[in-house]
S.K.: 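There's a structure below that I have some questions on.
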Amino acid sequence: MPKLLKQSDRFKGPEKPIPPALKTQVDPVRMPKHVAVIMDGNGRWAKRRGLPRVVGHRAGANAVREVVEGARELGVRYLTLYAFSSENWKRPKQEIRALMALLRRYLREELEEMLHYGIGLKVIGNIDLLPPKVSQEIREIIAKTSHCGKMTVILALSYGGRTEIVEAARKLAERCLAGEVRPPDIDEKSFSQHLYLPECPDPDLLIRTSGEHRLSNFLLWQLSYSEIYFTPTLWPDFTKEEFCRAIVDYQKRDRRYGGVSV
Ligand code: FPP
């Protein structure tokens with residue numbers, strides 16, 4: 001285990017609910033079904049404190065827990081978290097090792113709570129590229145929580161939006177060659193059935209922290225009509241309160257999907 005991830009570090013503290021005054025601003029009828037998050041700014045958070053980047057990721061893991069709790073409390077059905085992109089393999093080996101160790105430990109520590117609250121885990125991306133111990137643990141947790149239907153947490157791991165689209169195109173091309181699909185029958189619906197999680201609705205809301213305003217190869221197909229909430233908050237400082245504020249902000253928006261307001 002990397003030196004900065006001591007066994008004694010605890011992710012868990014007592015759970016603090018969303019303040020009632022804020023929670024009452026949320027309209028339960030207009031709750032986004034699916035929220036996706038680009039968790040950015042762990043490195044800068046650490047740098048500002050003169051700490052190694054790994055410490056920022058560790059603080060980021062606490063924010064993950066906080067936001068999963070917030071989403072559960074508010075009744076968000078799907079939460080997708082961009083935890084490791086296909087481009088993140090370019091990072092220093094030590095940082096990748098630390099991120100993988102963190103991920104494994106986080107999942108282990110959260111399993112009991114996930115089962116308690118009926119939270120299922122799913123993954124998008126190529127987890128075969130992760131260290132075998134990590135991918136094995138992830139597969140086990142996916143299996144152990146497969147009956148949990150209250151909420152689904154989707155981790156994007158070794159994930160790239162363009163790769164997902166290319167893989168879907170390849171699967172469709174193979175099916176065409178096998179005579180199972182006719183090219184004129186391919187439309188948006190049948191195409192999207194070949195993406196990683198066809199049963200999951202597109203995100204209603206995308207949150208990106210740390211003041212960056214880009215998609216970074218995240219859910220390129222699925223985010224076509226999502227509302228976007230950008231915040232300068234660095235990911236480790238992102239709380240369930242701010243998650244709730246993002247939802248209140250989302251609920252004020254007029255989603256027209258290219259049409260006009262009624
Ligand atoms: C971006 O910050 C963050 C990541 C690349 C990884 C996200 C990982 C976590 C939140 C912690 C572990 C995850 C789980 C699911 C337990 P950055 O390093 O790019 O920050 P910077 O842009 O400030 O350098």
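Each ligand, and each atom within it, is numbered from 1 in the order the structure gives. Residue numbers start at 1 and run along the sequence shown.
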S.K.: Under 30°, 30 to 60°, or over 60°: which ring-plane class applies to His34 and Tyr78, parallel, tilted or perpendicular?
M.R.: tilted

S.K.: In terms of heavy-atom contacts, does CZ of Arg162 have more than 12 from other residues, nucleotides or ligands at under 6.0 Å?
M.R.: no

S.K.: Looking at Glu180, I'd like to know if its CD atom is crowded, meaning that more than 12 non-hydrogen atoms belonging to other residues, nucleotides or ligands lie closer than 6.0 Å.
M.R.: yes

S.K.: Which pairs of nitrogen or oxygen atoms, taken one from ligand 1 and one from the protein, are under 3.5 angstrom apart?
M.R.:
unit_1   : atom_1 : unit_2 : atom_2 : d
ligand 1 : 2 (O)  : Gly41  : N      : 3.4
ligand 1 : 2 (O)  : Asn42  : N      : 3.3
ligand 1 : 18 (O) : Arg53  : NH2    : 2.8
ligand 1 : 18 (O) : Arg91  : NH1    : 2.8
ligand 1 : 19 (O) : Asp40  : OD1    : 3.4
ligand 1 : 19 (O) : Arg91  : NH2    : 2.8
ligand 1 : 20 (O) : Gly41  : N      : 3.4
ligand 1 : 20 (O) : Asn42  : N      : 3.2
ligand 1 : 20 (O) : Gly43  : N      : 3.0
ligand 1 : 22 (O) : Asp40  : OD1    : 3.1
ligand 1 : 22 (O) : Arg44  : NH2    : 3.0
ligand 1 : 23 (O) : Gly43  : N      : 3.3
ligand 1 : 23 (O) : Arg44  : N      : 2.7
ligand 1 : 23 (O) : Arg44  : NE     : 2.7
ligand 1 : 24 (O) : Arg53  : NH1    : 3.0
ligand 1 : 24 (O) : Arg53  : NH2    : 3.2

S.K.: So, are Lys23 and Glu73 salt-bridged, with charged N and O less than 4.0 Å apart?
M.R.: yes

S.K.: Is the CD atom of Glu199 crowded by more than 12 outside heavy atoms at less than 6.0 Å?
M.R.: yes

S.K.: With the side chain counted from C-beta on, respond yes when Phe218 and Arg208 share a heavy-atom pair under 4.5 Å apart, and no when they do not.
M.R.: no

